[in-house]
Amino acid sequence: MLENIQTILSEIETFNSDKAEKIEEFRIKHLSKKGSIASLFENFRNVPVEQKKAVGQALNELKTVALAKINELKEKLTDTENASENGAIDLTLPGVPLKLGSRHPLSLVRNEILGIFERLGFTISEGPEIEDDWHNFSALNFPEEHPARDMQDTFFLSKNPDIVLHTHTSSVQVRDMETQKLPIRLVTPGRVFRNEAISARAHCIFHQIEALYIDKDVSFADLKQTLTYFAKEFFGSETKIRLRPSFFPFTEPSAEMDVTCSLCKGEGCNVCKGTGWLEILGCGMVHPNVLELNGIDKTMNTGFALGMGIERITMLKYGIKDLRLFFENDIRFLEQFIA
Ligand code: DAH
């Protein structure tokens, strides 16, 4: 009897399989009602009394080992099943591709606009987001009492109201005029801040691009030609522009530029509110006071400047209706923009 037990024990100990049917066969062979272990237990009553203790112990041990073996093999089996369901174990499967990121739509449009100006010979310049009153307002010919200096529009540093978060990229013009030699031909992207309530059409943070060209004999015709080139490059060669008189403290004369609506080709639709025109940017000839305030000889030099909001142009280009989407970083929104 003990010998029998020993043989079955070593059979059980050496058994191994990763096939569910084989494991089940093994279970039936040894652990079912008519299995080897059950029949050994049945024969137990024929064991001579003096051997009962040893044989009983050996039998119980055999049963424990067999049960442990079955459990171990079944556990391994479910692990492998799970793993292959997740695709982690089948080494012949192709790898899971890494998800490619995409550029933020504001970056795409900013880069496209910068590229157009670079092709015209403009160089990119950048300036600080935290500015003093001089660079953001005074050196740009803003009068003391101008409403843009008001608490409603500008974020001031509470400890020092002379320091602001720059409200437009025009402040970088001032830094450029201070540091660069003429001729100046720069394009300036930047993030700007205004104390506005956040809505589908306005945000307290947005992005602008500014261009500045100062040299001898820069004329309004140069400005108009630059604008026409930009509009056709960005919105398509059919695009026409129109200039409406406007006011900015730092330019004289000042204008706002509209382009023919790229959606309805000027026919009138709900994006252009039936006018056929879309307002794109502000521009003008650099005010002689600004040249003077920044140490540039206003009798020898002239210049033009222009500034545009990147959010607005991006919304028009992609038909985006809510400005807040740009700041929410929702992957479902962002992954739609492939460069
Ligand atoms: N700084 C103006 C704004 O934030 C935009 C602007 C208008 C910039 C006319 C210019 C310009 O350079 O000439 O609304």
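Here the structure is a predicted model, which means the values were calculated and not measured. Each ligand, and each atom within it, is numbered from 1 in the order the structure gives.
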_Euclidean distance, S237 OG relative to K232 NZ, rounded to 0.5 Å_ =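 OG of S237 is found 6.5 Å from NZ of K232.
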
*Would you give the length of the straight line joining atom NZ of K317 to atom CD1 of I310, rounded to the nearest 0.5 angstrom?*
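Rounded to the nearest 0.5 Å, the NZ-CD1 separation comes out at 13.0 Å.
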
Looking at [X], which atoms of ligand 1 are within less than 4.0 Å of one of its heavy atoms?
X    : answer
Q173 : 12 (O)
G282 : 7 (C), 9 (C), 11 (C)
G284 : 13 (O)
T251 : 13 (O)

*Please state whether the rings of H207 and F327 are parallel, tilted or perpendicular, taking 30° and 60° as the class boundaries.*
parallel

*Is Q208 in contact with ligand 1, taking contact as a heavy-atom separation below 4.0 Å?*
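Within the 4.0 Å threshold, so yes.
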
*Does even one non-hydrogen atom of F304 get within less than 4.0 Å of ligand 1?*
no

Record the part of [X] in heavy-atom contact with ligand 1 below 4.0 Å; permitted values are side chain, backbone, both and neither.
X    : result
L306 : backbone
S170 : side chain
R194 : side chain

*For L114, does its backbone N or O pair with a side-chain atom of N111 as donor and acceptor, under 3.5 Å?*
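The answer is no, because no donor-acceptor pair under 3.5 Å joins these two groups.
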
*Counting only N and O atoms by type, is there a donor-acceptor contact under 3.5 Å from the side chain of N294 to the main-chain atoms of A139?*
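A pair under 3.5 Å: yes.
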
_side-chain hydrogen bond (donor to acceptor under 3.5 Å, both in side chains) partner of T167, chosen from D153, T154, N136_ = N136

*May I ask you to identify the nearest protein heavy atom to atom 11 (C) of ligand 1, giving residue, atom name and distance to one decimal place in Å?*
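Looking at atom 11 (C) of ligand 1, the protein heavy atom closest to it is F250 CE1, 3.4 Å.
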
*When you measure from atom 13 (O) of ligand 1 to every protein heavy atom, which one gives the shortest distance, and what is it?*
A305 O, 3.1 Å

_Lys NZ or Arg CZ of K22 over F15 ring: under 6.0 Å, within 45°_ =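 No, K22 does not lie over the aromatic ring of F15.
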
*Can you find an N/O atom of A211 closer than 3.5 Å to an N/O atom of ligand 1?*
no

*Are K76 and D18 ion-paired here, with the side-chain N under 4.0 Å from a carboxylate O?*
no

_N-O pairing of R175 and E131 below 4.0 Å_ =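 Result for this pair is yes, salt bridge flagged.
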
*Out of M285, E210, M308, H287, whose heavy atom is nearest to atom 10 (C) of ligand 1?*
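Minimum heavy-atom distance to atom 10 (C) of ligand 1 goes to E210.
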
